[in-house]
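Each remark here refers to the structure printed beneath this line.
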Amino acid sequence: MTQGNEPYIALSGIKKAYRIGGEMIPIFSGLDLTIPRGDFVAVMGPSGSGKSTLLNMLAGIDRPDGGTLRIGTSHLDQMGEAARAAWRAHNMGIVFQFYNLLPMLTAAENVELPLLLKPLTRKERRLRVERVLDLVGLSGREKQYPALMSGGQQQRVGIARAIVSDPGLLLCDEPTGDLDRKSADEVLEMLRFLNRQLEKTIIMVTHDPQAALYARRTLHLDKGDFIEEKRAA
Amino acid sequence: MTFFDLARKNAWRKPLRTVLLMISIAVAFLIYGLTASFLNGTQGAAGASDDLLGVTSASGRTQPLPIAAMSRITADLDVAAAGYVARLRGFVDVEKNFVAVSAADPGLLMAVNGKELGLTPALIDAIGQARDKVLVGRALAEAQGWIAGQRVTVTAFDMSRQDGSRDWRFEIAGIFEGENAATDTYFMIARYDYVNAARVRGKDTVDAFVVRPRAGVSPGELAARIDTLFSNSATPTRTQSERQFLEAFLRQYADIGLIVNLVVGAAFVTLLMIVVNTMVFAVRERTFEIGVLKTLGFSRLDIVALILGETLFVFAVGGGIGLALAKLAATFAGPALGLVFSTPVLVKALAIIAALGLATGVLPAFNAMRIPIITAFRTR
Ligand SMILES: Nc1ncnc2c1ncn2[C@@H]1O[C@H](COP(=O)(O)OP(=O)(O)OP(=O)(O)O)[C@@H](O)[C@H]1O
Ligand SMILES: [Mg+2]
């Protein structure tokens with residue numbers, strides 16, 4: 001556990017550049033960011049500004065070229081691949097724009113996937129899956145395949161999969177980018193519930209200003225740095 | 001759901017592809033099961049015992065040994081029982097219809113080799129009734145359609161009778177069954193006293209002695225001792241285990257085992273390439289999803305296990321079907337075709353299934369393991 005005054009997530013001096021056509025294009029050159037536990041942050045910004053890159057580094061699937069990245073007590077910038085995989089399995093859930101469910105698995109099986117990495121019995125896994133599917137309002141659809149579900153339903157399966165291991169951190173990359181307004185609002189309502197009631201820390205990349213309103217605060221990413229949006233209370 | 005269920009579901013994503021793979025694997029293992037059972041059954045060597053010794057002339061298997069050597073062999077205290085055999089090779093009716101007659105002392109043969117051949121006191125009694133009685137092996141009797149009580153004439157290739165003819169007339173006293181299906185019973189047993197008295201040349205010689213060592217005695221050491229005993233005699237001997245003897249005997253014609261192994265080996269190598277190729281593509285198609293799994297926390301090892309599980313599953317189902325068919329064929333057509341699907345054949349086949357299942361998964365698994373998540377995500 002982090003101390004009360006120490007932020008849950010701390011990035012400092014993050015550098016990241018991509019080689020594009022033989023030239024190194026810097027995305028971040030010295031990014032600093034802290035996020036307290038229990039926050040719900042919306043990240044906005046123009047296309048190509050590095051929002052996904054930031055999320056990938058937070059998820060431990062991409063590494064900064066320089067700087068330090070700590071989440072809780074884990075220094076992700078110093079951890080090897082195996083350690084980061086294990087860290088992901090226990091500490092982080094991720095929600096994708098296009099859901100990324102496995103087509104040959106039912107809703108329940110998709111949700112169960114992360115639990116295969118945990119020392120749980122078959123029965124314990126089933127109970128947990130039932131509980132989160134119920135939480136996202138999909139009980140009764142356990143045996144349905146993703147192809148037969150609406151986008152909103154698929155994304156709720158995606159959220160159930162992200163929270164089934166009970167991680168403290170939820171990363172969402174445009175979770176409503178592919179949904180109509182009504183489904184989007186349902187999903188966002190759910191994320192707000194997870195943040196308010198279950199105290200998940202959520203970082204959500206979005207292009208939709210409406211979606212950003214569900215967050216506690218919004219950060220605008222531009223030219224490798226953040227500007228915090230001032231919001232009327 | 002378990003890890004293995006996940007691997008299995010992955011395999012069934014393209015049912016046609018998986019079924020075709022399983023069929024090729026099944027066919028390969030059906031062929032393997034049949035050829036292995038055939039070698040096992042017909043080559044006799046499988047049914048041959050390792051602790052029976054065959055003593056033949058050191059100058060060649062067709063050179064005779066004096067029957068008098070018998071007493072020197074039985075004088076060795078490590079010999080539990082010994083018998084002798086003179087071979088009469090000939091044909092019945094037409095020259096192609098080859099039959100082998102082993103002329104022996106039935107009582108001694110029973111003591112040495114009775115259990116393996118399936119000789120019973122009743123059979124020994126029956127052959128003792130008259131000098132021209134013979135016992136016919138089950139395989140030979142069935143092939144010729146012979147029954148007990150029937151008279152048969154064997155025309156010898158080289159063993160003439162004193163009356164100038166080469167036709168040996170016998171009366172079938174009984175059929176011996178062999179200990180199990182692997183026992184070679186494609187021959188008949190005649191009485192040495194009768195054959196020896198009637199033949200012109202080679203009187204009082206035998207083609208081989210058969211020796212059973214006492215329990216606990218090393219057959220190899222006894223064999224060496226017997227050969228030393230005769231090394232300075234007029235007829236030096238060469239003593240081998242019955243299995244070695246049979247294998248060497250068969251090899252004189254052609255190393256059928258080697259040829260079959262080469263053919264089956266080539267089939268397996270082809271199979272390996274087909275499955276590796278198919279799996280490499282199957283896994284490449286799933287690169288994005290492997291990225292998703294890694295994002296959820298699946299480690300490199302988990303991914304490797306998943307893909308090896310998938311190839312093992314495909315091989316287990318395909319191989320299982322092939323072996324089941326081979327077993328079926330051996331059960332129903334085994335006695336007629338000489339197929340013996342024994343436990344060693346099965347164990348070896350299962351080992352090959354496991355080895356191929358793992359080998360075919362290694363390359364695709366390695367590929368999948370190495371892809372960085374970021375790269376995997378850029379494939380869509
Ligand atoms: N693996 C990579 N290799 C090379 N360049 C990359 C790689 N990943 C991202 N980039 C580049 O880095 C920049 C930032 O990409 P990123 O995906 O983080 O942007 P984004 O803010 O998420 O944009 P969008 O809103 O379109 O999703 C882009 O110019 C992109 O082309
Ligand atoms: Mg993006």
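Letters A, B, ... are given to chains in the order of the sequence lines, protein chains preceding strands, and every chain is numbered from 1.
- Within 6.0 Å of atom NZ in Lys223(A), 12 or fewer heavy atoms from other residues, nucleotides or ligands are found, so the atom counts as exposed in its surroundings.
- For the options Ala82(A), Ala86(A), Ala89(A), Ala59(A), heavy-atom pairs under 4.5 Å to chain B are most numerous at Ala89(A).
- Checked against a 6.0 Å centroid threshold, the rings of Phe268(B) and Phe29(B) count as neighbours.
- Applying the 6.0 Å contact sphere to CZ of Phe4(B) captures more than 12 heavy atoms from other residues, nucleotides or ligands.
- Side-chain contact annotation: Ser52(A) with Asp173(A), donor-acceptor N/O pair under 3.5 Å present.
- Contacts between Phe288(B) and chain A at a heavy-atom distance below 4.5 Å involve the side chain alone, from C-beta outward.
- For the set Arg125(A), Arg88(A), His90(A), the count of heavy-atom pairs under 4.5 angstrom toward chain B peaks at Arg88(A).
- Proximity to chain B (any heavy atom under 4.5 Å) is shown, for Phe98(A), by neither the backbone nor the side chain.
- Looking at Arg161(A), the atoms closer than 4.5 Å to chain B (heavy atoms on both sides) all sit in the side chain, from C-beta outward.
- Residue contact with chain A, scored on non-hydrogen atoms closer than 4.5 Å, is absent for Leu301(B).
- Most heavy-atom pairs under 4.5 Å with chain B: of the set Pro103(A), Ser165(A), Pro114(A), this distinction falls to Pro103(A).
- The ring of Phe96(A) has its center closer than 6.0 angstrom to the ring center of Phe377(B).
- Neither the backbone nor the side chain of Arg126(A) comes within contact range of chain B; no heavy atom of the residue lies under 4.5 Å from a heavy atom of that chain.
- Residues Asp39(A) and Tyr8(A) bring no donor and acceptor atom of their side chains to less than 3.5 Å of each other.
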